[in-house]
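Note that these values count all heavy atoms, side chains included, but never hydrogens, waters or copies made by symmetry.
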Amino acid sequence: VAACRDTGYDWFEQLLQNLLKSEEDASYKPVKKACTQLVDNLVEHILKYEESLSDSDNKGVNSGRLVACITTLFLFSKIRPQLMVKHAMTMQPYLTTKCSTQNDFMVICNVAKILELVVPLMEHPSETFLATIEEDLMKLIIKYGMTVVQHCVSCLGAVVNKVTQNYKFVWACFNRYYGALSKLKNQHQEDPNSTILTANKPALLRSLFTVGALCRHFDFDQEDFKGSSKVNIKDKVLELLMYFTKHSDEEVQTKAIIGLGFAFIQHPSLMFEQEVKTLYNSILSDKNCSVNLKIQVLKNLQTYLQEEDTRMQQADRDWKKVAKQEDLKEMGDISSGMSSSIMQLYLKQVLEAFFHNQSSVRHFALNVIALTLNQGLIHPVQCVPYLIAMGTDPEPSMRNKADQQLVEIDKKYAGFIHMKAVAGMKMSYQVQQAINTCPKDPVRGFRHDESSSALCSHLYSMIRGNRQHRRAFLISLLNLFDDTAKTEVNMLLYIADNLACFPYQTQEEPLFIMHHIDITLSVSGSNLLQSFKESMVKDKKKERKPSSDEETESDSNSGSGSESEGEASKPRRLRKRVNSDSDSDEENDINAVMKCLPENSAPLIEFANVSQGILLLLMLKQHLKNLCGFSDSKIQKYSPSESAKVYDKAINRKTGVHFHPKQTLDFLRSDMANSKITEEVKRSIVKQYLDFKLLMEHLDPDEEEE
């Protein structure tokens with residue numbers, strides 16, 4: 001337990017639970033016996049340890065050991081509280097530990113957690129023992145920080161509600177803090193800038209937190225507390241806490257929201273109040289709202305769902321004890337109906353929190369969604385695209401959690417993942433955009449580590465098993481590259497990256513993609529070249545004097561621009577033979593086309609933009625060809641309608657083949673779509689046009705030569 005201090009104790013709880021469960025119906029119970037011995041000896045050990053401390057001078061030196069002992073006892077109590085019943089009296093004095101180090105606080109919190117579980121099980125505990133616990137807890141609540149207050153109020157809740165019914169004692173404490181809050185509120189209303197408030201800030205923070213914590217564990221609207229008074233306490237508390245959520249100081253706002261979260265656990269229906277909905281949803285959806293507040297709202301929802309879950313499990317266990325024969329279903333439906341309605345209210349905003357650049361915000365949003373899905377409170381289909389998107393998170397723990405949820409959904413509802421796959425890919429691009437720390441760099445679709453795996457590789461591996469789904473998915477992605485789809489260039493780059501790096505297993509998969517790239521290109525590519533040619537002006541002479549840098553020999557020789565345009569549009573390989581010096585040749589081509597450009601440069605930019613998608617497909621095809629080592633004839637011969645057997649062979653991937661579409665990266669880095677049209681930009685687009693034409697001529701290797 002000491003060694004796992006940072007990683008958590010779930011494994012230990014699971015182990016105890018399973019071991020004890022396995023012998024529930026057995027007559028011989030060795031595990032129970034072993035647990036009893038362990039617990040008794042640990043308590044013995046703590047007492048001896050205390051004695052040795054009082055004898056020696058080095059007080060508090062070895063207390064890490066003590067914390068580990070007490071934590072272990074708490075874990076035993078959590079799974080089987082009966083084990084600690086006889087030791088409750090021994091534990092109680094530890095509530096008065098002098099607190100100076102982190103370890104001392106750990107001791108107090110764990111002892112409070114043990115007593116909370118154990119005291120209600122004691123038979124006829126003595127009055128003095130109970131009174132002492134109540135007073136010890138109260139002193140701690142008044143004196144120490146948030147963690148101690150939380151555990152002590154929780155322990156007090158168990159002792160008072162289940163054992164002593166000493167409501168007056170708690171009511172007095174509640175009134176003390178509630179009264180302080182009311183007073184501070186009135187002062188703030190009179191003069192928000194008063195110096196008294198600054199001096200009283202610590203008291204304000206403590207009151208907000210403690211009022212909330214008390215409301216979480218006690219229902220002050222019961223007659224036991226408020227007597228015959230007609231005042232509605234929960235509404236009063238809501239009003240007070242809501243007032244301070246609008247405070248100018250963020251620390252005050254945060255504490256008020258924490259207080260609200262506590263109160264909502266006792267009275268979930270308060271979350272339907274319009275002002276609460278507005279507060280939560282505006283904090284979650286406002287781009288400029290502080291990260292701390294966002295995280296706190298998400299934590300509130302998380303704690304509420306965790307509590308509901310615990311409550312449901314407990315109710316389930318109690319019910320099973322009472323009646324094996326009655327209908328279990330009616331049992332849990334009342335409260336799960338409530339939490340379901342609550343989550344419907346906040347679901348969209350929680351999902352949108354996935355698009356936040358701070359990983360802690362995404363972390364809590366994912367926790368809330370996972371809890372909501374695990375409790376079956378919402379229909380999972382609406383979460384699928386968001387979970388696909390979170391599966392691309394840079395942090396492995398978050399990716400795995402999101403992927404795990406998708407696997408669960410896929411088991412229960414076949415076809416949901418495939419149905420939302422493309423939406424999920426698009427959304428994952430938005431998440432990556434939000435996370436991208438350097439806006440100058442285009443967002444890429446693979447991991448920047450030695451694996452270079454596609455960010456959406458888990459999604460692909462879930463879909464690839466079903467041939468029909470896989471093909472539909474791939475075609476939908478390739479359709480985004482069509483010039484009519486008007487997809488933004490960086491998203492196309494992102495999708496091309498994924499297509500380049502998906503974990504393909506059989507030859508059929510990349511061949512199918514290349515086959516479809518060819519179909520798309522033969523249509524879109526030719527259209528694109530055609531529209532570029534049509535935008536060129538046939539006779540430039542009448543429009544303007546060519547600038548000096550364009551006056552090359554071809555200009556003085558050819559009386560009009562039309563011939564040089566005709567020259568430029570000949571396939572380049574024919575011209576190559578005429579002139580061996582290819583560089584100057586290319587210059588001539590560029591100059592020839594430059595002279596035919598229209599005055600209005602919109603078609604140019606349009607071409608540069610639209611051609612990116614097609615260029616990416618050309619590059620992607622080339623990449624897959626290199627990666628899998630396919631020959632041109634193999635790609636030509638492929639037919640998607642052939643039986644699956646033929647192409648079921650595994651792929652032999654070449655190592656060190658990387659997808660690097662340079663032109664598109666340059667296009668995005670230079671922000672060409674929004675840049676001013678200089679001669680230089682024009683030249684680069686013309687060069688792009690000529691390169692593109694050459695690539696298109698290469699598409700069909702059957703023509704005379706490759």
Side-chain angles (χ1 to χ4, degrees), residues 245 250 253-258 260-261 264-265 268 271-272 275-309 339-375 377-406 408-409 420 423-437 439 443 455-456 459:
T245 59
E250 189 186 300
Q253 287 179 297
T254 309
K255 282 289 186 296
I257 291 171
I258 293 176
L260 282 173
F264 297 159
I265 290 172
M271 282 192 262
F272 296 120
E275 49 179 344
V276 175
K277 281 196 293 200
T278 310
L279 173 74
Y280 269 21
N281 284 338
S282 62
I283 288 177
L284 288 176
S285 52
D286 179 3
K287 288 274 179 285
N288 307 318
C289 185
S290 105
V291 171
N292 291 335
L293 297 182
K294 280 186 198 291
I295 290 178
Q296 197 48 59
V297 168
L298 291 166
K299 275 185 179 170
N300 282 2
L301 291 169
Q302 173 181 307
T303 313
Y304 163 68
L305 290 169
Q306 285 165 336
E307 284 288 305
E308 273 304 299
D309 197 34
S339 26
S340 178
S341 320
I342 289 171
M343 285 321 295
Q344 302 286 357
L345 289 182
Y346 300 110
L347 183 69
K348 184 156 177 20
Q349 282 71 17
V350 173
L351 288 168
E352 295 291 328
F354 283 178
F355 304 123
H356 199 280
N357 57 0
Q358 294 274 343
S359 70
S360 43
V361 175
R362 302 195 302 274
H363 168 84
F364 285 108
L366 184 56
N367 281 356
V368 172
I369 295 301
L371 284 162
T372 309
L373 287 169
N374 293 340
Q375 292 177 36
L377 301 179
I378 51 168
H379 198 295
V381 74
Q382 48 205 344
C383 297
V384 171
Y386 291 91
L387 289 168
I388 291 171
M390 278 306 277
T392 65
D393 197 281
E395 298 195 16
S397 59
M398 309 237 266
R399 292 204 289 273
N400 298 341
K401 188 163 192 161
D403 290 348
Q404 195 47 51
Q405 293 296 324
L406 286 173
E408 292 300 315
I409 292 173
K420 293 286 185 187
M425 287 272 295
K426 288 180 174 172
M427 217 172 254
S428 71
Y429 168 68
Q430 290 173 291
V431 167
Q432 291 305 314
Q433 252 184 331
I435 294 170
N436 187 15
T437 42
V443 172
L455 289 180
C456 296
L459 170 68

Checklist entry - Can a donor-acceptor pair be found between the side chains of Q375 and S339 at a distance below 3.5 Å? => result no

Next on the checklist: Quick one, R362 with D393, criterion side chain to side chain contact (heavy atoms under 4.5 Å, CB included). Give me CA distance, side-chain angles, the key distance, then yes/no.
Outcome noted: CA-CA 9 Å; R362 302 195 302 274; D393 197 281; 2.5 Å; yes

Checklist entry - Hey, does L298 have a side-chain heavy atom less than 4.5 Å from the side chain of H363? => result no

Checklist entry - Which heavy atom in L345 sits nearest to a heavy atom in N281, and how many Å separate them? => result O-ND2, 3.6 Å

Checklist entry - Between K401 and S397, does a side chain to side chain contact (heavy atoms under 4.5 Å, CB included) hold up when you go through it step by step? => result CA-CA 6 Å; K401 188 163 192 161; S397 59; over 6 Å; no

Item to check | Donor on one side chain, acceptor on other, N367 and K299, under 3.5 Å | outcome: no

Item to check | pair I388-M427: side-chain heavy atoms closer than 4.5 Å | outcome: no

Next on the checklist: Looking at every heavy atom in both C289 and K294, which two are closest together, and how far apart are they?
Outcome noted: O-CE, 3.8 Å

Item to check | N436 vs Q432, side chain to side chain contact (heavy atoms under 4.5 Å, CB included): CA-CA, chis, key distance, verdict | outcome: CA-CA 6 Å; N436 187 15; Q432 291 305 314; over 6 Å; no

Item to check | Close side-chain approach of D309 to N374, heavy-atom, < 4.5 Å | outcome: no

Item to check | Qualifying residues under ring pair (Phe, Tyr, Trp, His ring centres under 6.0 Å), relative to F364, sequence neighbours excluded | outcome: none

Item to check | Non-hydrogen atoms of H356 and Q358 that approach each other most closely | outcome: ND1-N, 3.0 Å

Checklist entry - Given the rule in the side chain to side chain contact (heavy atoms under 4.5 Å, CB included) test, do L279 and L260 qualify, once you have shown the distances and angles that lead to the verdict? => result CA-CA 11 Å; L279 173 74; L260 282 173; 3.8 Å; yes

Next on the checklist: Looking at Y280 and L301, would you say the former's side chain and the latter's main chain have a donor-acceptor pair under 3.5 Å?
Outcome noted: no

Item to check | Side-chain heavy atoms of L293 within contact of Q253, under 4.5 Å | outcome: yes

Checklist entry - Are any non-hydrogen side-chain atoms of T372 and V350 less than 4.5 angstrom apart? => result no

Next on the checklist: Tell me the closest heavy-atom pair linking L387 and F354, and the distance in Å.
Outcome noted: N-CE1, 4.5 Å

Checklist outcome for this item: Minimal heavy-atom distance between N357 and A434, with the atoms involved, is CB-O, 3.2 Å

Next on the checklist: How long is the straight-line distance from CE of M390 back to CG of L366, given to the nearest 0.5 Å?
Outcome noted: 5.0 Å

Item to check | Ring geometry between Y386 and F355 (parallel below 30°, tilted from 30 to 60°, perpendicular above 60°) | outcome: tilted

Next on the checklist: I'd like to check L347 versus I369 (side-chain heavy atoms, cut-off strictly below 4.5 Å). Are they in contact?
Outcome noted: yes

Checklist entry - Step by step, would you call F264 with Y304 a ring-ring contact (aromatic ring centres under 6.0 Å, His included)? => result CA-CA 7 Å; F264 297 159; Y304 163 68; 8.7 Å; no

Next on the checklist: What's the separation between atom CE in M425 and atom CG in L455, rounded to the nearest 0.5 Å?
Outcome noted: 9.0 Å

Next on the checklist: Is there a side-chain contact between L377 and E308 in this structure, where contact means two heavy atoms from C-beta onward sitting under 4.5 Å apart?
Outcome noted: no

Next on the checklist: Would you say that L373 contacts C383 through its side chain, given a criterion of any heavy-atom pair below 4.5 Å between the two side chains?
Outcome noted: yes

Checklist entry - For atom NZ of K277, is the number of surrounding heavy atoms from other residues, nucleotides or ligands below 6.0 Å larger than 12? => result yes

Item to check | Donor-acceptor under 3.5 Å (D286 side chain, S282 main chain) | outcome: no

Checklist outcome for this item: Scanning both residues in full, the closest heavy-atom pair of M343 with V368 reads CE-CG1, 3.6 Å

Next on the checklist: Checking Q296 against N292 for the side-chain hydrogen bond (donor to acceptor under 3.5 Å, both in side chains) test, could you report, in this order, the C-alpha distance in whole Å, the side-chain angles of both residues, the deciding distance, and whether it holds?
Outcome noted: CA-CA 6 Å; Q296 197 48 59; N292 291 335; over 6 Å; no

